[in-house]
Novice: 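One structure follows; several queries about it will come next.
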Protein chains: 2
Amino acid sequence: MTVPDDAGAVSLTVDVVLLTIRDGRLCVLLVERGIEPFAGTWALPGGFVTADEDLEAAARRELAEETGVDAGPVHLEQLRTYAAPHRDPRGRVVTVAHLALMPDLPHPVAGSDAAHARWWPVDEVLTPTTHGPVLAFDHPTIVRDGVERARAKLEYTTLATSFVAEPFTLGDLRSVYEAVWGVDLDAPNFRRKVLSTPGFVVDTGETVSVGRGKPAGLYHPGEATDLHPAMLRPEPSRDLTRG
Amino acid sequence: MTVPDDAGAVSLTVDVVLLTIRDGRLCVLLVERGIEPFAGTWALPGGFVTADEDLEAAARRELAEETGVDAGPVHLEQLRTYAAPHRDPRGRVVTVAHLALMPDLPHPVAGSDAAHARWWPVDEVLTPTTHGPVLAFDHPTIVRDGVERARAKLEYTTLATSFVAEPFTLGDLRSVYEAVWGVDLDAPNFRRKVLSTPGFVVDTGETVSVGRGKPAGLYHPGEATDLHPAMLRPEPSRDLTRG
DNA sequence: CGTCCAAATGGTCATACTGACTCTTATAAC
DNA sequence: GTTATAAGAGTCAGTATGACCATTTGGACG
């Protein structure tokens with residue numbers, strides 16, 4: 001009782017849209033390809049799924065191997081599967097894209113295989129520019145879908161906390177929304193919304209002072225995962241391509 | 001420049017969670033398996049993706065072949081990919097599950113291969129009962145995910161119209177929400193919400209009278225796809241397993 | 001044929017949430 | 001010490017919602 005060799009035969013890969021926020025801009029991690037096809041262009045970290053490995057394990061392994069990112073602390077979820085017949089010139093390659101979010105830690109983009117990994121602002125990736133990267137395969141579509149998923153999930157989940165290191169201030173958290181959505185949010189209203197959502201954040205009781213301004217309270221992520229009602233996303237006042 | 005035969009080699013299938021509403025209950029279409037593995041149990045319609053076919057085409061083809069459903073009018077979207085290493089005893093079979101919604105038309109569950117297709121109320125599928133079906137593979141999980149996706153999308157999209165034949169009354173549309181969510185909605189408030197959302201429905205100007213009660217206005221689906229703000233889902237008052 | 005019923009439709013009102021805004025406080029930079 | 005900056009506290013009007021009540025209308029029923 002086995003599957004005929006040719007029944008639905010494909011090569012299966014995972015790719016990871018790893019997002020973080022650097023200098024107030026939403027950024028995606030890309031790896032420069034050293035081999036054909038698409039040598040010299042930039043691709044999402046990813047690779048073939050091995051024989052006895054599930055998808056999430058494959059995604060975390062590839063993340064570690066190709067970019068030196070310890071996938072332990074990052075949020076990882078399945079995004080979508082891309083299977084257009086000729087998306088890969090080598091043959092029928094189907095990829096299960098994943099979305100990963102992490103804070104802007106002193107990023108270990110320095111591993112062995114990871115020498116060619118780099119953070120790119122998503123606006124430079126999504127809008128073709130002279131100084132932006134050229135993407136391999138259908139990765140522009142995948143990046144776009146990943147970013148849109150992230151934008152949507154900030155509305156109705158507490159996932160924004162995945163973008164900041166602990167502990168964080170409400171200003172840090174607000175900066176996440178502003179960077180991902182490309183809008184400016186009213187600080188008092190944002191504060192009211194976050195604090196009125198049970199379990200969104202937990203007050204540590206401590207404060208920090210960063211440069212000018214009144215010291216800010218420090219928080220940890222709470223137990224809540226969903227926002228009811230949702231955080232409303234204003235129309236993009238800033239240019240969304242600034243990501 | 002090809003992929004080594006063994007690199008990420010899997011068999012790829014599509015499966016479809018086709019939902020409709022019959023007699024006020026949310027139902028899923030299942031097919032009785034005639035062959036091993038899982039002969040005699042019930043499975044989602046689906047099958048292997050052919051060499052030059054994309055996923056959506058495969059899903060529509062399988063729906064037509066296995067259940068006689070003309071996939072033209074049904075809403076179809078990718079749901080999630082399931083790839084646990086031993087989910088299929090025949091080998092490494094990965095399935096891309098899809099979610100499909102259709103109105104309760106005089107359903108053509110009568111095609112050739114489709115002789116073994118049947119609608120099952122989702123509550124009988126999700127909660128093991130003596131008279132409910134036994135599902136093959138990891139299809140219980142897939143059905144659960146599909147139903148949860150449908151419930152969620154009714155909140156923030158106009159997808160409920162995919163469950164009703166045109167033209168429809170606001171009572172028909174409200175019944176969709178009530179069946180999928182397992183709640184009772186206030187008719188005047190529901191009406192206000194739907195009519196105040198531009199492009200949710202389009203008034204035909206005609207009315208119908210069905211049995212008792214004041215004749216109801218008839219509507220077509222509008223151009224809108226998203227609901228802002230969302231339709232709020234009350235806590236399940238009715239038992240959700242009645243789904 | 002008249003009455004009753006059920007469902008659609010048309011409203012009201014209190015409450016919750018949001019967006020826009022002002023004001024105060026506390027710290028670092030100058 | 002003064003000022004710039006950001007956090008934090010609070011106000012107020014507009015909107016959306018949930019819970020109701022009232023009216024309309026055609027078929028069902030006697």
Novice: Would you kindly compare B:Gly213 and B:Gly217 by the position of their nearest DNA chain C nucleotide and give the one closer to the 5′ end?
Specialist: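 The answer here is B:Gly213.
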Novice: Which whole-number value in Å describes the distance from A:Arg212 CZ to C:dA29 C1'?
Specialist: 4 Å
Novice: Through what angle, rounded to 10 degrees, does the axis of the helix from C:dC1-D:dG30 to C:dC30-D:dG1 turn between its ends, using five pairs per end?
Specialist: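 The end-segment axes of the helix from C:dC1-D:dG30 to C:dC30-D:dG1 are tilted 10° relative to each other.
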Novice: Is the count of non-hydrogen atoms from other residues, nucleotides or ligands lying under 6.0 Å from B:Glu206 atom CD greater than 12?
Specialist: no
Novice: Quick check: do A:Met102 and A:Leu18 have side-chain heavy atoms less than 4.5 Å from each other?
Specialist: yes
Novice: Anything under 4.0 Å to a heavy atom of chain A counts; send over the first and last such nucleotide of DNA chain D, read 5' to 3'.
Specialist: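 First-to-last contact on DNA chain D, by the 4.0 Å heavy-atom rule, is D:dA4 to D:dT11.
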Novice: Measuring only between side-chain heavy atoms, which start at C-beta, is A:Val28 closer than 4.5 Å to A:Val17?
Specialist: yes
Novice: Tell me which of A:His228 and B:Leu170 sits closer to the 5' end of DNA chain C, going by the nucleotide each one is nearest to.
Specialist: B:Leu170
Novice: Hey, is A:Glu148 close enough to A:Arg233 for a salt bridge, meaning N to O under 4.0 Å?
Specialist: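 A:Arg233 and A:Glu148: salt-bridged.
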Novice: Kindly indicate, with the supporting measurements, whether the criterion side-chain hydrogen bond (donor to acceptor under 3.5 Å, both in side chains) is fulfilled by A:Thr81 and B:Thr81.
Specialist: CA-CA 7 Å; A:Thr81 296; B:Thr81 296; 2.4 Å; yes
Novice: Quick one: does A:Leu99's side chain get under 4.5 Å of A:Asp145's, heavy atoms only?
Specialist: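 No, every pair of side-chain atoms sits at 4.5 Å or beyond.
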Novice: Is there side-chain contact between B:Glu77 and B:Glu56, with heavy atoms separated by less than 4.5 Å?
Specialist: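 No. Closest side-chain heavy atoms not under 4.5 Å.
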Novice: Starting from P on C:dT18, measure out to CZ on A:Phe190 and report it in whole angstrom.
Specialist: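 Rounding to the nearest Å, CZ of A:Phe190 and P of C:dT18 are 12 Å apart.
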Novice: If you define the side chain from C-beta out and look only at heavy atoms, does anything of B:Glu166 sit under 4.5 Å from B:Tyr219?
Specialist: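 They are not in side-chain contact.
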Novice: State, with a plain yes or no, whether a side-chain heavy atom of B:Leu135 is found less than 4.5 Å away from one of B:Thr41.
Specialist: no
Novice: Grab the CG-C1' distance between B:Leu218 and C:dA8 for me, whole Å please.
Specialist: 12 Å
Novice: Does A:His131 use its side chain to pair, donor to acceptor, with the backbone of A:Thr129 at less than 3.5 Å?
Specialist: no
Novice: Between protein and nucleic acid, restricted to nucleotides 10-13 of chain C and to nitrogen or oxygen atoms under 3.5 Å apart, what atom pairs and distances do you find?
Specialist:
residue : atom : partner  : partner atom : Å
C:dG10  : OP2  : B:Arg191 : NH2          : 3.0

Novice: Grab the NZ-C1' distance between A:Lys193 and C:dG19 for me, whole Å please.
Specialist: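 The answer, rounded to whole Å, is 13 Å.
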Novice: Do A:Phe190 and A:Met231 have side chains that approach each other closer than 4.5 Å (heavy atoms only, starting at C-beta)?
Specialist: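 Yes; the side chains approach each other to less than 4.5 Å.
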